[in-house]
Amino acid sequence: MTTIAVLGGGYAGLRAARKLAHAKVPARIVLVNKHPYHYQSTQLHQLAAGTKEEADICFPMATAVPKKVNVVIDEVERVDREGHQVFLKSHPPIAYDYLLNALGFESESFGIEGVEENSLPLVDVDTALAARRHLEETLARYRTSGDDLDLSILVCGAGFTSIEYLGELVYRLPELAKRYDFPMEKVKIGCIEAADKILPMFDRKLADWATDYLRRHGVVFHTSTPITAIRPGQVVSNDATFSANTIIWATGVKGSSVIPASGYSSKRNRVVVQDDLSVEGNPREFLIGDVSAVLDPSSGRPYPTTAQVSIAQADCAAANVVAELTGRPTGKFSFKSVGTVCSLGPKVGVAQIDFMGHWKLKGWIVGIVKKMVNDRSVLEVADVKTVLGNN
Ligand SMILES: Cc1cc2nc3c(=O)[nH]c(=O)nc-3n(C[C@H](O)[C@H](O)[C@H](O)COP(=O)(O)OP(=O)(O)OC[C@H]3O[C@@H](n4cnc5c(N)ncnc54)[C@H](O)[C@@H]3O)c2cc1C
């Protein structure tokens, strides 16, 4: 029987496996994922700040996919693309006829010295929980250490993840101050960014609104400040040094390291795919989500790495596997963004919405929009009771 191997159970892989199962293809569908759960990557910043719990953003893989999908919990080490086999850490290799590689993103250090050893990334459940534990332990230690650096937090990068994390952090800090009995007025939060403004994907006015909001809540921005090294308790930018006992690294992501290990030619572990999302020279191999790069014909640049794009790619790739199996031509990927929403804590945010016009929104209305987006995403993998329980 034909085997379709789907690698990764994030937004792209999970959606593709579900679509293939619902299409009732005469094939065995195998989904390989590192953990026995799917997690909502778009809410990792909330887990790291402690405004959401693990159970709010993680859902058992077994119930997130239809029974027709065979789930293998293991880590993919590499793909033998010539021999059509996926090599796993603990199980025997899986032979496949069709491959959908959706292994997602990892933290990107850009080769900067000391990043891995001395800062905390936010790229999966384990790293988000480690960042949360570190933050709380460090803040709690102040009572006995009296060290001001225990109350200092530096966030590296001012893109989406950093700004959403800062929003949750400033929202939660008063509660943490009460719990661990530290003086709020002594807390120092810095955000260090190479570019001259935060949130590059947003219109200047909205980015300025977000900057003002976070400034009013105590965040100090250091823009036009490229990071050159991270040392224990220090972020270095050429001649300047910033000190803190909590350093969060959220400057950007790259694709899975399985990409170079499998011999793909890539840039930051993202492979440029054909317009039907297959790999050049191999019509049975598709790359979707953050491991792929698809050129947006309107800008000539790759689409951004977002959950929205990943889900649209999954729909297209699953339809193209079905087309291949039934001898029909494959279709081209096309994507129309419905906009971008950046939360600044659970209640406010900024958004550019492209739905029945172009809308630029800020404040509490965005909090409601973001909640609707998150609830809709959770509904894909869990039931209504879970969504209501999350509220
Ligand atoms: C804090 C944060 C907030 C974000 N907010 C937004 C937002 O508001 N809107 C938006 O559109 N996008 C947002 N993004 C981006 C979005 O999360 C990613 O673009 C999206 O998750 C990519 O989906 P994916 O399926 O390609 O990869 P992932 O979601 O990374 O899923 C990959 C899956 O593969 C598994 N895996 C990885 N390696 C292996 C391996 N070797 N073997 C087996 N399994 C493996 C992982 O466990 C995971 O289940 C945000 C990202 C972050 C970090």
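Counting starts at 1 for both ligands and their atoms, following the listed order.
Shown here is Arg141, whose CZ atom has more than 12 heavy atoms of other residues, nucleotides or ligands within 6.0 Å. Under a cut-off of 6.0 angstrom, the local environment of OH in Tyr142 is crowded, with over 12 non-hydrogen atoms contributed by other residues, nucleotides or ligands.
When the heavy atoms of Tyr37, Tyr39, Tyr165 are ranked by distance to atom 46 (C) of ligand 1, first place goes to Tyr39. Considering only non-hydrogen atoms, atom 29 (O) of ligand 1 lies nearest to Ser41 out of Ser41, Ala102, Ser310. Residue nearest to atom 5 (N) of ligand 1, selected from Thr42, Val86, Leu14: Thr42 (by heavy-atom distance). In the candidate list Thr340, Asp290, Val341, Asp290 is nearest to atom 22 (C) of ligand 1, counting heavy atoms. Closest heavy-atom approach to atom 15 (C) of ligand 1 among the candidates Asp124, Thr305, Leu44: Thr305.
Nearest protein heavy-atom neighbour of atom 25 (O) of ligand 1: Ala12 N, 2.9 Å. Given atom 42 (N) of ligand 1, the protein heavy atom at minimum distance is Val76 N, 2.8 Å. Of all protein heavy atoms, the one closest to atom 35 (C) of ligand 1 is Asn33 OD1, 3.2 Å. Protein heavy atom nearest atom 12 (N) of ligand 1, with residue, atom name and distance: Ala307 N, 3.1 Å. The protein heavy-atom contact nearest to atom 33 (C) of ligand 1 is Gly10 N, 3.5 Å. Here the protein heavy atom with the shortest distance to atom 45 (C) of ligand 1 is Leu103 CD2, 3.6 Å. Gly104 CA, 3.2 Å is the protein heavy atom nearest to atom 27 (O) of ligand 1. Closest protein heavy atom to atom 44 (N) of ligand 1: Lys34 N, 3.0 Å.
The closest donor-acceptor contact from the side chain of Asp56 to the backbone of Glu53 lies under 3.5 Å. Judged purely by atom type and a 3.5 angstrom limit, His38 uses its side chain to pair as donor or acceptor with the backbone of Gly9. Judged purely by atom type and a 3.5 angstrom limit, Ser262 uses its side chain to pair as donor or acceptor with the backbone of Val79. Of the possible polar contacts, none joining the Glu193 side chain to the Thr225 backbone as a donor-acceptor pair under 3.5 Å is found. A donor-acceptor pair is defined here as one N or O able to donate and one able to accept, closer than 3.5 Å; such a pair exists between the side chain of Thr306 and the backbone of Val309.
Residue-ligand proximity, Gly289 to ligand 1, at heavy-atom distances under 4.0 Å covers atoms 26 (O). Here is the list of ligand 1 atoms found below 4.0 Å of a heavy atom in Asp74: 42 (N), 43 (C). Close approach to Lys370 involves these atoms of ligand 1, each under 4.0 Å from a residue heavy atom: 8 (O). With ligand atoms numbered from 1 in the order given, ligand 1 contributes 33 (C), 34 (O), 49 (O) to contacts under 4.0 Å with heavy atoms of Gly9. Every atom of ligand 1 with a heavy atom of Thr306 under 4.0 Å away is listed here by number and element: 10 (C), 11 (O), 12 (N), 19 (O). Heavy-atom proximity to Phe160, at under 4.0 Å, picks out these atoms of ligand 1: 5 (N), 6 (C), 7 (C), 8 (O). Close approach of ligand 1 to Gln308 (heavy-atom distance below 4.0 Å) involves ligand atoms 11 (O). Shown in contact with Thr161 at under 4.0 Å from a heavy atom are these atoms of ligand 1, numbered in order with element: 1 (C), 2 (C), 52 (C), 53 (C).
Ionic pairing of Arg143 and Asp181 is present here: one or more N-O contacts between side-chain nitrogen and carboxylate oxygen are shorter than 4.0 angstrom.
Using a 3.5 Å distance cut-off with no hydrogens or angles, the side chains of Glu285 and Tyr264 do pair a donor with an acceptor. Side chain to side chain, Gln313 and Ser292 meet the donor-acceptor criterion of an N or O pair below 3.5 Å. Judged purely by distance below 3.5 Å, without hydrogens or angles, the side chains of Trp249 and Thr251 pair a donor atom with an acceptor atom. Judged by distance alone, the side chains of Asp124 and Thr127 do bring a donor and an acceptor atom under 3.5 Å apart.
In this structure, CG in Leu154 is found 10.0 Å from CD in Gln234, a value given to the nearest 0.5 Å. We find the CG-CG distance between Leu139 and Leu176 to be 6.0 Å, quoted to the nearest 0.5 Å.
Not one N or O of Ile288 is nearer than 3.5 Å to an N or O of ligand 1, by distance alone. For a threshold of 3.5 Å applied to N or O pairs, the pair formed by Val291 and ligand 1 contains no separation below that value.
Of all the heavy atoms of His38, none lies under 4.0 Å from any atom of ligand 1, so neither backbone nor side chain is involved. Residue contacts with ligand 1, taken as heavy atom pairs separated by less than 4.0 Å, involve Glu164 solely via side-chain atoms from C-beta onward.
With ring centers used as reference points, Tyr303 lies under 6.0 Å from Phe335.
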